[in-house]
S.K.: 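Sending over a structure as structure tokens; questions will come in a sec.
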Amino acid sequence: MRNLFQSAEEEFEIREVFRNSFSPKGYREVNLPVLESYETYESLQSNQSRKSLLKLIDHAGDILVLRPDVTIPLMRELATSSKNLSEELRCWYVQSVFRQSDDHTIPTERRQAGVELFSRQSAVNDAEVIVLACLALTELGLKDFKIELGHAGILQELNRFLHLTEDEQLQVKSFIQMKNSSELASFLIQNNVDKTTRKLLLETAFSYGEPTSVFNRLRETPLNEKMTSIIQHIEKVYERVVALGYGSHVTVDLGMVNDMDYYSGIQFQGFSNTIGKPLLMGGRYDEVSRKFGAQLPAIGFASDVEAIFTAKNNSLKTN
Amino acid sequence: MDPMKIAVAKGRIAEKARELLSEGGISFPDTLYDERKLVISSNDGDFQLLFVKASDVPTYVEKGAADIGIVGKDTIMEDGKDVYELQDLGFGQCQLVVAGFPDSFPEDTKSLTVATKYPAIAKAYFDKAGIRTEISRLNGSIELAPIAGLSDVIVDIVETGSTLRDNGLVVLREIAKVSTRVIVNKASYATKTGNVKKCMELLKKGVDERRADYHNT
């Protein structure tokens, strides 16, 4: 059990790091309501994640939820006041989020520290947020971390190729998510996908590793226009991250599949060698604001405060 | 470097894993045969085998206490842990099936009682088929359940089917093919990519050589 005082000190520390590192870049802290209307999430989430919502009923009989994330309430809040992106907006937060699970060993309340940049998709904007993630982890004292870089468009493209039923799409998604190349290969054979397409799909879905060598390999792979432009975008983002000094932390993972279905562009995950689960996850979600009747493209990440400090403490123990 | 920690079930899978790695050039001291040992290190110190209960392998790997795990597909499916499944080692082949008396599962079945070691797999399978179920979780002698009247059918793994036959039971539906798989922790994959890939190659090499031997004899 984490010490009560230690937990408060950690929260103070991560706030200080975020404030000191991000304020000079124009980011401001935001606070959001803990209670959110159930309707906000109803249309946005899969069955599974709707089940994880903690619900309560107010005196009028309406269903409320304890916010399961910060991104969506922030978007909803902004969409009520501005329908279009008149200027870029930069925010950060340290807030609790609530999700229930069948597995009772997983705490329902977790603290997230994150960043949102409301801006149009560009290599510069996308790289800005990835660099902030690297900067925060570095300032918090983590050294051997990796940021995996992927793109939501890859899975969408693969699905477009395959003409599968919804059930089969879920199957393909789970094979890719588990990097299970042998079962995906037999699935493609069973579905009469020709050899050239098969090779192409497997090569892209399981491309992983040092960015330059992945990009070089892909240059020899005959990809369609959409796929080529996705990969060029990832490459530009990577180059920008390199220019800002964090290139050594980046790995490319074209088979990255996120359970958050709302990502529409670049997506990323951060790992340390001293903890088994992700430190942070993020990506671009340009379509979310439409559900609230606005056009507010954005990219952000959320880090798991407990995971970050566990990783940090573990690395102090081993050194 | 930190040793690569490989979680394996004691017994047959541990023995196979050690054989595969040693065919790939990683040797272990003979203490593997000491039943009480829980951890052994390879002679070069680069690998560690952790002996755990088969059903605990995915937990060790998901939490990162082990980088890699070697375990049956049935356990992976039942646990649904957030790990990578990088390789099919091809041994330990069997089937995950619905079994019972020949008339226990007619085509138009609407509801069933089920006994199994795999409640999650069973629930997912019958939910998808639109069949209402009452599932009892058992830990052994699953075949007894229909005979004793505990359930209409069982969901279990079968290798040859002889235990089923001896008890007058038959395979009614096949759910999935099972074999031994290699799973990997996501953070280990991201931060120790080279070592994980090396380990996969060693295991793959062992498996391929075995397949070649098998075809030659």
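Note on naming: letters A, B, ... go to the chains in the order of the sequence lines (proteins, then strands), and numbering restarts at 1 for each one.
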S.K.: Checking an interface table here. Which of residues 113-133 of chain B come within a heavy-atom distance under 4.5 Å of chain A?
M.R.: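 The residues closer than 4.5 Å to chain A, in numerical order, are B/Lys128.
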S.K.: Taking all non-hydrogen atoms of both residues, which atom of A/Ser272 and which atom of B/Ala187 are closest, and how far apart?
M.R.: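 The pair with the smallest heavy-atom distance is O-CB, 3.8 Å.
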S.K.: What do the steps show when you test A/Met178 against B/Ile76 for side-chain contact (heavy atoms from CB on, under 4.5 Å), and what is the final call?
M.R.: CA-CA 11 Å; A/Met178 292 187 85; B/Ile76 302 172; 4.0 Å; yes
S.K.: Pick one of side chain, backbone, both or neither for A/Leu279, based on which atoms fall under 4.5 Å of a heavy atom in chain B.
M.R.: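 Neither part.
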S.K.: Nearest heavy-atom pair of A/Asp253 and B/Tyr84: which atoms, and what distance?
M.R.: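 Scanning both residues completely, I find the closest heavy atoms to be OD2-OH, 3.9 Å.
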S.K.: So does A/Arg217 have more than 12 non-hydrogen atoms from other groups sitting under 6.0 Å from CZ?
M.R.: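 Counting other residues, nucleotides and ligands, CZ of A/Arg217 exceeds 12 neighbours.
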S.K.: In Å and rounded to the nearest 0.5 Å, what is the OG to CD distance from A/Ser174 to B/Glu85?
M.R.: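 Nearest 0.5 Å value for the OG-CD distance: 8.5 Å.
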S.K.: Nearest 0.5 Å, what's the CG-OG distance between B/Leu86 and A/Ser182?
M.R.: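 The distance works out to 9.5 Å.
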S.K.: What part of B/Lys73 lies closer than 4.5 angstrom to a heavy atom of chain A: side chain, backbone, both or neither?
M.R.: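 For B/Lys73, the side chain is the part near chain A, not the backbone.
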S.K.: In terms of heavy-atom proximity below 4.5 Å to chain B, should A/Asp144 be classed as side chain, backbone, both, or neither?
M.R.: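 Backbone of A/Asp144 only, per the 4.5 Å heavy-atom cut-off to chain B.
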S.K.: Could you check whether any side-chain heavy atom of A/Lys146 comes within less than 4.5 Å of a side-chain heavy atom of B/Thr193, counting everything from C-beta outward?
M.R.: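 With C-beta onward as the side chain, the pair stays apart.
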S.K.: At a 4.5 Å cut-off on heavy atoms, which part of A/Glu183 comes close to chain B: side chain, backbone, both, or neither?
M.R.: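 For A/Glu183, the side chain is the part near chain B, not the backbone.
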S.K.: What's the spacing between B/Asn185 CG and A/Asn273 CG if we round to 0.5 Å?
M.R.: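 Output value for this atom pair is 11.0 Å.
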S.K.: Would you call B/Lys186 and A/Glu148 a side-chain contact if the rule is heavy atoms closer than 4.5 Å?
M.R.: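 Heavy-atom side-chain distance check fails, nothing below 4.5 Å.
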S.K.: Does any heavy atom of chain A fall under 4.5 Å from the side chain of B/Glu62, the backbone, both, or neither of them?
M.R.: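 The answer is the backbone of B/Glu62.
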S.K.: To the nearest 0.5 angstrom, please state how far the CG atom of A/Asn180 sits from the CD1 atom of B/Ile183.
M.R.: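 Separation between the atoms: 11.5 Å.
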S.K.: CD of A/Glu210: more than 12 outside heavy atoms within 6.0 angstrom?
M.R.: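 Yes, CD of A/Glu210 has more than 12 neighbouring heavy atoms, counting only those of other groups under 6.0 Å.
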S.K.: If you count heavy-atom pairs under 4.5 Å with chain B, which of A/Phe206, A/Tyr208, A/Phe145 comes out on top?
M.R.: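 With the most close heavy-atom pairs to chain B, the winner is A/Tyr208.
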S.K.: Is atom NZ of A/Lys173 surrounded by more than 12 heavy atoms (other residues, nucleotides or ligands) closer than 6.0 Å?
M.R.: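 Correct, the count exceeds 12.
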